[in-house]
S.K.: 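Would you mind keeping the following structure in view while I ask a few things?
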Amino acid sequence: MTAEPHKPDRYNPRTAEPRWQQKWDAAGIFATSNDELKAAANGKPAKPTYYVLEMFPYPSGRIHMGHVRNYTMGDVVARYKRARGFTVLHPMGWDAHGMPAENAAMERKVHPRAWTYQNIAAMKAQLQSMGLSLDWAREIATCDPAYYKHQQKMFLDFLKAGLVERKQSKVNWDPVDMTVLANEQVIEGRGWRSGAPVEQRELTQWFLKISDFAEDLLTKLDTLERWPEKVRLMQKNWIGRSEGLLVRFALDPKTTPAGERELEIFTTRGDTLFGARFVAVAPDHPIAQTAAKKNPALAAFIAECKRGGTAQEAIETAEKQGFDTGIKAIHPFDPTWQLPVYVANFILMDYGTGAIFGCPAHDQRDLDFVNKYGLGNTPVVCPPGQDPKSFVIAKTAYDGDGTLINSKNDFIDLNGMTVEAAKEEVARKLERTYRSDGIHLSPPAGRGRPSGARSGEGGSRQSATVERPPHPNPLPASGEREKSRPVAERQVNYRLRDWGISRQRYWGCPIPVIHCTSCGVVPVPAKDLPVTLPEDVSFDRPGNPLDRHPTWRDVTCPQCRKPARRETDTMDTFVDSSWYFARFTDPWNDSAPTDRAVVDRWLPVDQYIGGIEHAILHLLYSRFFTRAMKATGHVGLDEPFAGLFTQGMVVHETYKSKDGEWVEPASVTIETEGDQRRAKLTATGAPVEIGAIEKMSKSKKNVIDPDDIIASYGADVARWFMLSDSPPERDVEWTERGVQGAWRFTQRLWRLVGEAAEVAATAPDQRPVQFGEGAQTLRKAAHGALAKVSDAIEKLHFNVAVAHLYEFANAFSDSIGSQEQAPTSDYRWAMREAAEILIKLFNPMMPHLAEECWAALGHTTVLATQPWPELEPALLVENTVTLPVQVNGKKRADITVARDAKNPDIEAAVLALDAIQRALEGKPPKKVIVVPGRIVNVVA
RNA sequence: GCGGACGUGGCGGAAUGGUAGACGCAACGGACUUAAAAUCCGUUGGGCCAAAAGCCCGUGCCGGUUCGAGUCCGGCCGUCCGCACCA
């Protein structure tokens with residue numbers, strides 16, 4: 001111990017934290033200039049750059065613990081990289097458009113803008129109290145016309161580039177929010193925000209053509225090596241690529257309404273065509289609609305399907321139902337083979353062509369269908385080991401691999417082939433086959449190559465590639481092209497639909513177009529941007545206030561100068577968040593969304609951190625948007641986020657009173673008796689039931705307010721605890737015990753540094769030539785921790801970094817405690833070094849405490865500007881190593897040998913050990929395996 | 001139904017194929033104190049044993065690969081997540 005008992009003051013975050021925040025702010029330490037980047041473009045060397053970004057928040061009014069966790073992780077990375085010599089970009093902004101502002105306007109008669117900016121001010125203050133190393137000079141709010149004017153410009157650029165489309169389509173209508181939703185925004189049949197069951201409606205909408213990039217969005221997933229596998233897989237499934245055949249079934253004219261001649265069907269199982277029993281189309285398929293005109297019963301059936309179709313749960317459990325239209329389709333292999341055409345409730349108009357051929361033996365849905373309507377089935381794939389003669393299908397379709405059976409006629413013979421070979425043979429044959437008229441097959445040989453309608457997709461590409469350019473889902477043929485096209489073509493189909501961005505809302509980015517009765521849709525001229533929202537709006541009625549504004553809609557057509565109307569839909573807020581990361585690189589740019597000299601050097605974001613809930617929505621949209629920005633010259637890359645990390649949620653115990661009401665943690669007292677925990681109401685003492693640990697939510701009242709924690713323990717404690725208890729990708733449970741543990745540790749560090757400071761005060765400036773044992777032990781602990789903590793932070797294993805810091809703190813206090821006499825000068829030097837390393841290592845996590853400790857060591861510099869410690873690798877190497885010795889894989893002894901001991905010497909020493917002799921029972925070992933520096937295993 | 005992840009003490013969790021349980025929490029014992037708080041020291045997977053030494057068992061279950069498996073492979077069971085009539 002040091003000569004006198006040391007009694008340092010307690011560390012008081014309440015005064016220290018604001019003080020350091022002000023110092024950082026005043027010194028502008030976290031502001032990042034683009035000058036260096038621009039200079040580097042002219043050939044001057046620059047420090048390496050690092051862009052760390054956390055998903056920006058919606059300004060709901062208050063931050064929650066999820067924000068604390070998310071932004072702490074990002075801040076650790078930012079501070080660490082800064083110390084490591086990078087020029088770090090770490091900005092923050094606000095995803096400021098959206099429904100809650102309009103709801104607030106309705107409920108509280110506040111204007112959405114005022115409400116939003118109040119919330120931003122409040123949340124900004126909260127974030128600042130966390131001590132995040134953010135460049136606030138780059139702050140953006142997406143509701144600022146200075147931001148969305150560029151978004152409107154890009155929309156027009158996309159329009160010009162053919163990446164925007166206006167079309168009528170069936171849309172997901174959220175009856176509560178009174179707006180449409182993209183497919184991605186419908187979760188289990190409900191609106192992602194409102195939770196209301198989604199309805200189908202027919203509306204004219206603006207679409208961004210994300211499906212043009214389906215193939216690229218899919219294949220480039222493989223290049224995103226620093227993304228979680230899980231997210232890549234989710235996107236892959238969402239894009240939903242499938243290879244198959246587009247087969248044209250001719251329709252028997254005698255049975256078919258005038259004007260309809262054929263039906264296009266997409267299938268991935270061309271091999272099962274001999275097993276076909278029927279053809280079915282979606283209720284809203286054009287042929288169904290046409291046929292219904294003359295068939296009231298069919299019309300009634302279709303209406304029935306649509307009624308049932310509004311509730312998603314009904315769709316999932318609904319029985320398969322069909323209606324025979326009386327139309328007959330001609331089998332592509334045999335002109336004499338006719339298949340009934342049904343309208344069926346389980347066929348989706350959205351996918352493929354909205355029409356299928358049913359092969360009951362090998363598709364469960366089709367089997368359920370034929371079993372209901374008595375259409376029978378023909379097995380055409382025989383499972384391995386089954387006798388084809390006895391193989392029958394009853395209630396369970398067989399969709400596995402096998403050998404083709406019952407699949408031979410004059411036209412084609414598939415019998416005996418594998419599924420894969422049969423698919424290929426069918427494709428090869430049908431893509432060379434042309435019909436001479438609506439019905440009859442021509443001989444497969446001797447026909448010319450296709451030409452015309454689909455240029456560049458002639459016979460030459462058939463076998464080599466199945467790729468197609470964009471537009472995966474051509475509508476059913478209108479009649480003219482059929483003669484020039486083969487009976488079937490290979491096709492790649494995607495589940496991914498175009499992104500409908502029209503929202504019938506006020507608080508969003510206006511879509512900058514004008515509707516003119518003479519000129520049609522006219523883009524707003526660039527000089528007239530931004531199209532801003534009118535201020536004088538009312539929210540006393542449901543629906544879109546823009547639509548009923550008395551004057552805002554009225555404009556002059558930019559082309560013909562006649563009166564025209566503005567588009568009153570605004571953009572989906574996911575558009576706002578699809579490019580904010582690019583805007584952060586040059587948020588001051590008034591003339592363009594980005595500056596290529598800057599944006600191409602900052603992007604891609606090196607480390608993006610946010611919630612898994614955006615695995616598809618935001619991340620897929622952003623990947624698309626970046627491609628669209630590249631196509632229109634706003635960026636020079638495809639992938640916006642090189643590294644992605646998805647953090648887990650913050651969860652908390654729930655409490656319920658006897659009458660079943662949720663109780664907030666703040667009013668509950670927990671009592672512990674042995675291992676038993678009991679809860680009661682603090683006020684009344686009434687018992688409270690301890691419920692499941694769940695995501696913090698207002699409805700379950702298991703919310704902890706970050707403000708309360710920061711006020712009582714300080715930001716550092718909140719930050720430390722958020723990092724310490726669980727791996728960052730998993731959920732972390734907020735517990736009072738855990739917070740107190742973090743609090744104790746801050747105080748302990750403060751005491752340790754205080755004691756170290758006394759010793760270090762008289763340390764020599766010169767590095768000693770030799771170190772005594774105590775000094776050497778301390779130095780090894782310090783440099784060992786340095787190596788381990790650095791490694792853990794690099795890998796974002798923050799909980800491991802925390803554990804190594806605890807370990808180092810333990811070694812540090814052991815070292816202080818073990819000093820019996822007055823410390824030698826080499827020890828004092830080592831103590832100062834160790835204290836500095838300790839402080840620098842926990843600085844990214846608890847920056848305020850670290851600054852305070854740094855000052856306590858006598859430094860007048862700001863720690864936030866100091867470099868990461870230099871590692872002395874020699875200190876990590878021991879001269880002797882202790883190896884565990886196993887016999888047959890079980891540990892029996894330890895042996896300490898020189899680091900560079902030769903294997904034969906180790907072997908001999910091991911065999912001489914008593915414990916090993918005993919374990920061997922006198923028998924000679926069969927083999928001795930020595931893994932240098934790690935372990936010895938004796939095989940008996 | 002399809003796809004994926006996970007399963008380690010009382011709890012959170014650690015562990016490039018090489019001593020399982022680091023580190024923290026909780027618990028227990030002790031020191032300091034009139035007392036408490038705070039702090040400090042010690043013990044803590046299970047079993048055999050008075051104790052130590054020593055031995056046995058142990059990473060959801062069953063097998064396999066390997067000198068050696070929490071880790072790799074196959075099959076089950078369980079939990080969680082994503083998608084879901086996608087032809």
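A note on names: the letters A, B, ... follow the listed sequences, proteins ahead of strands, and every chain is numbered from 1.
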S.K.: Roughly, in whole Å, what's the span from CD1 in A:I935 to C1' in B:A20?
M.R.: 12 Å
S.K.: Please give, in whole Å, the distance from B:A22 P to A:L805 CG?
M.R.: 18 Å
S.K.: A:A915 or A:V800: which one's nearest nucleotide on RNA chain B is closer to the 5' end?
M.R.: A:V800
S.K.: Let me spell it out: for each of A:R748 and A:V936, pick the nucleotide of RNA chain B with the closest heavy atom. Which residue's pick is nearer the 5' end?
M.R.: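 So the residue in question is A:V936.
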S.K.: As a quick check of understanding, evaluate salt bridge (charged side-chain N to carboxylate O under 4.0 Å, His left out) for A:R241 and A:E215, giving each step before the final call.
M.R.: CA-CA 8 Å; A:R241 182 185 200 273; A:E215 187 63 30; 2.8 Å; yes
S.K.: Does A:R892 make a side-chain N or O approach to OP1 or OP2 of B:C56 shorter than 4.0 Å?
M.R.: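 It does, given that an N or O in the side chain of A:R892 lies less than 4.0 Å from OP1 or OP2 of B:C56.
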S.K.: Distance between the C1' atoms of B:G58 and B:A69, in whole angstroms?
M.R.: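 Each nucleotide's C1' atom is 14 Å from the other's.
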S.K.: So, is A:N937 close to the B:U19 phosphate, meaning a side-chain N or O under 4.0 Å from OP1 or OP2?
M.R.: no
S.K.: Students often get this wrong, so: under 4.0 angstrom with heavy atoms, is A:T267 touching a base, only sugar-phosphate, or nothing?
M.R.: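 It contacts sugar-phosphate atoms only.
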S.K.: P atom, B:U16 versus B:A22: distance in rounded Å?
M.R.: 15 Å
S.K.: It should be established whether A:R495 places a side-chain nitrogen or oxygen under 4.0 Å from OP1 or OP2 of nucleotide B:A84.
M.R.: yes
S.K.: I want to check one thing: is the phosphate of B:C25, taken as OP1 and OP2, less than 4.0 Å away from some side-chain N or O of A:R744?
M.R.: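 Yes, such a contact exists.
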S.K.: Under 4.0 Å from OP1 or OP2 of B:A87: is there any side-chain N or O of A:R365 that close?
M.R.: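 The answer is no; no side-chain N or O of A:R365 sits under 4.0 Å from OP1 or OP2.
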S.K.: Is the base of B:U16 touched by the side chain of A:R934 through a donor-acceptor pair closer than 3.5 angstrom?
M.R.: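 Flag set: donor-acceptor pair detected.
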S.K.: Below the 4.0 Å mark, does B:A87 have OP1 or OP2 next to a side-chain nitrogen or oxygen of A:Y351?
M.R.: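 Checking A:Y351 against B:A87: at least one side-chain N or O falls below 4.0 Å of OP1 or OP2.
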S.K.: A:L883 CG to B:G18 P: how many Å, rounded?
M.R.: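 Spelled out: CG on A:L883 to P on B:G18 is 14 Å.
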S.K.: Do the side chain of A:K230 and the base of B:C81 come within less than 3.5 angstrom through a donor-acceptor pair of N or O atoms?
M.R.: no
S.K.: If only side-chain N and O atoms of A:K890 are considered, is one of them under 4.0 Å from the OP1 or OP2 phosphate oxygen of B:G18?
M.R.: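 Checking B:G18 against A:K890, no side-chain N or O comes under 4.0 Å of OP1 or OP2.
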S.K.: What's the base orientation of B:G7: syn (chi within 90° of 0) or anti?
M.R.: anti
S.K.: Give a yes/no answer on whether the side chain of A:N799 brings an N or O atom under 4.0 Å of OP1 or OP2 in B:A14.
M.R.: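 Indeed, a polar side-chain atom of A:N799 lies that close.
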S.K.: Quick one: A:D731 CG to B:C80 C1', roughly how many Å, whole number?
M.R.: 10 Å
S.K.: Between B:G30 and B:U79, how many Å separate the two P atoms, rounded to a whole number?
M.R.: 44 Å
